[in-house]
Amino acid sequence: EAQVTQNPRYLITVTGKKLTVTCSQNMNHEYMSWYRQDPGLGLRQIYYSMNVEVTDKGDVPEGYKVSRKEKRNFPLILESPSPNQTSLYFCASKVKRNTEAFFGQGTRLTVV
Amino acid sequence: AQSVTQPDIHITVSEGASLELRCNYSYGATPYLFWYVQSPGQGLQLLLKYFSGDTLVQGIKGFEAEFKRSQSSFNLRKPSVHWSDAAEYFCAVGAPNTGTASKLTFGTGTRLQVTL
């Protein structure tokens with residue numbers, strides 16, 4: 001089944017403790033993105049990747065890192081999480097530039 | 001830069017009634033347009049998309065949307081709502097001519113409640 005898989009689905013952590021949210025897609029898509037969803041703000045793009053080893057900032061990249069060492073994986077790294085990064089995070093992939101995006105199930109992160 | 005406005009934060013309709021969710025976009029040319037649905041605890045599922053051609057687009061679950069260039073709108077419609085349609089709906093725009101990534105810009109969402 002074609003899908004985007006995120007792990008974990010739920011995470012509670014403390015301020016400053018490094019964490020990684022994994023994202024994997026099995027559709028051989030070139031483009032992958034991370035979004036965060038906050039009430040009243042919709043989804044905002046954090047980072048995106050156009051292919052292996054090619055990444056760039058989205059609209060809200062501060063406090064986040066990403067890497068794309070393999071085509072299927074696009075982990076989101078929070079080196080020093082803060083409470084304002086408490087949010088619902090979505091990974092998405094698309095086959096090429098101007099096509100629809102496929103989304104993972106989301107990761108609900110709480111930073112205390 | 002492109003932007004999307006969904007003016008209705010929350011809509012309540014009765015089961016069996018018709019539905020229209022509004023979406024207005026701002027972009028200098030014809031954008032790519034999408035509607036996604038998010039059920040509680042779930043990811044976003046694509047309902048329909050518009051790239052070019054026929055301005056009335058059919059999607060899954062009986063939904064349709066009409067692109068109106070003169071009004072910069074892409075409203076979502078369904079003739080008869082089912083209780084299972086209760087969810088949050090997001091309109092999104094992709095800008096074909098903005099560099100390599102062509103990111104999606106989302107509206108703030110409309111939460112649909114269906115009463116029995």
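Chain A is the first sequence line, chain B the second, and so forth, proteins listed ahead of strands; every chain is numbered from 1. Computed from a prediction, not measured in an experiment: that's the story for all the values here.
Residue Gln38(B) touches chain A through its side chain alone, counting heavy-atom pairs closer than 4.5 Å. Neither the backbone nor the side chain of Gln6(A) comes within less than 4.5 Å of any heavy atom of chain B. Heavy atoms of Leu46(B) lying under 4.5 Å from chain A belong exclusively to its side chain.
Between Leu48(B) atom CG and Glu100(A) atom CD the span is 11.0 Å, to the nearest 0.5 Å. Between Leu41(A) atom CG and Phe106(B) atom CZ the span is 13.5 Å, to the nearest 0.5 Å. The CG atom of Leu43(A) sits 10.5 Å away from the OG1 atom of Thr105(B) when rounded to the nearest 0.5 Å.
A single hydrophobic cluster is not seen to contain both Val21(A) and Leu88(A); linkage of ILVMFWY side chains at heavy-atom distances under 4.5 Å, directly or through other members, places them apart. Leu19(A) and Tyr35(A) are not part of a single hydrophobic cluster, where members link through side-chain heavy atoms under 4.5 Å apart. Note: the hydrophobic cluster containing Ile9(B) does not contain Val4(B) (ILVMFWY, side chain heavy atoms under 4.5 Å, direct or indirect links). Under a hydrophobic clustering in which Ile, Leu, Val, Met, Phe, Trp and Tyr are joined whenever their side-chain heavy atoms come within less than 4.5 Å, directly or via other members, Phe74(B) and Val37(B) fall into the same cluster. Hydrophobic clustering (ILVMFWY, side-chain heavy atoms < 4.5 Å, transitive): Trp34(A) and Tyr31(A) are in distinct clusters.
Nearest heavy atoms, Thr108(B) versus Gly40(A): CG2-O, 3.2 Å.
Ranked by heavy-atom pairs under 4.5 Å with chain B, the list Pro39(A), Ser33(A), Ala101(A), Gly106(A) is led by Ala101(A). Listed options Val4(A), Asp56(A), Asp59(A) were ranked by heavy-atom pairs under 4.5 angstrom with chain B; first place goes to Asp59(A).
The side-chain heavy atoms of Phe102(A) and Leu44(B), taken from C-beta on, include no pair separated by under 4.5 Å. No side-chain heavy atom of Gln42(B) sits less than 4.5 Å from a side-chain heavy atom of Phe103(A).
Residues of residues 10-18 of chain A having a heavy atom under 4.5 Å from any heavy atom of chain B: none.
Heavy atoms from other residues, nucleotides or ligands lying under 6.0 Å from CZ of Arg44(A) number more than 12. Taking a 6.0 Å sphere around NZ of Lys65(A), one finds it holds 12 or fewer heavy atoms contributed by other residues, nucleotides or ligands.
Between the Arg9(A) side chain and the Gly41(B) main chain, a donor and an acceptor come within less than 3.5 Å of each other.
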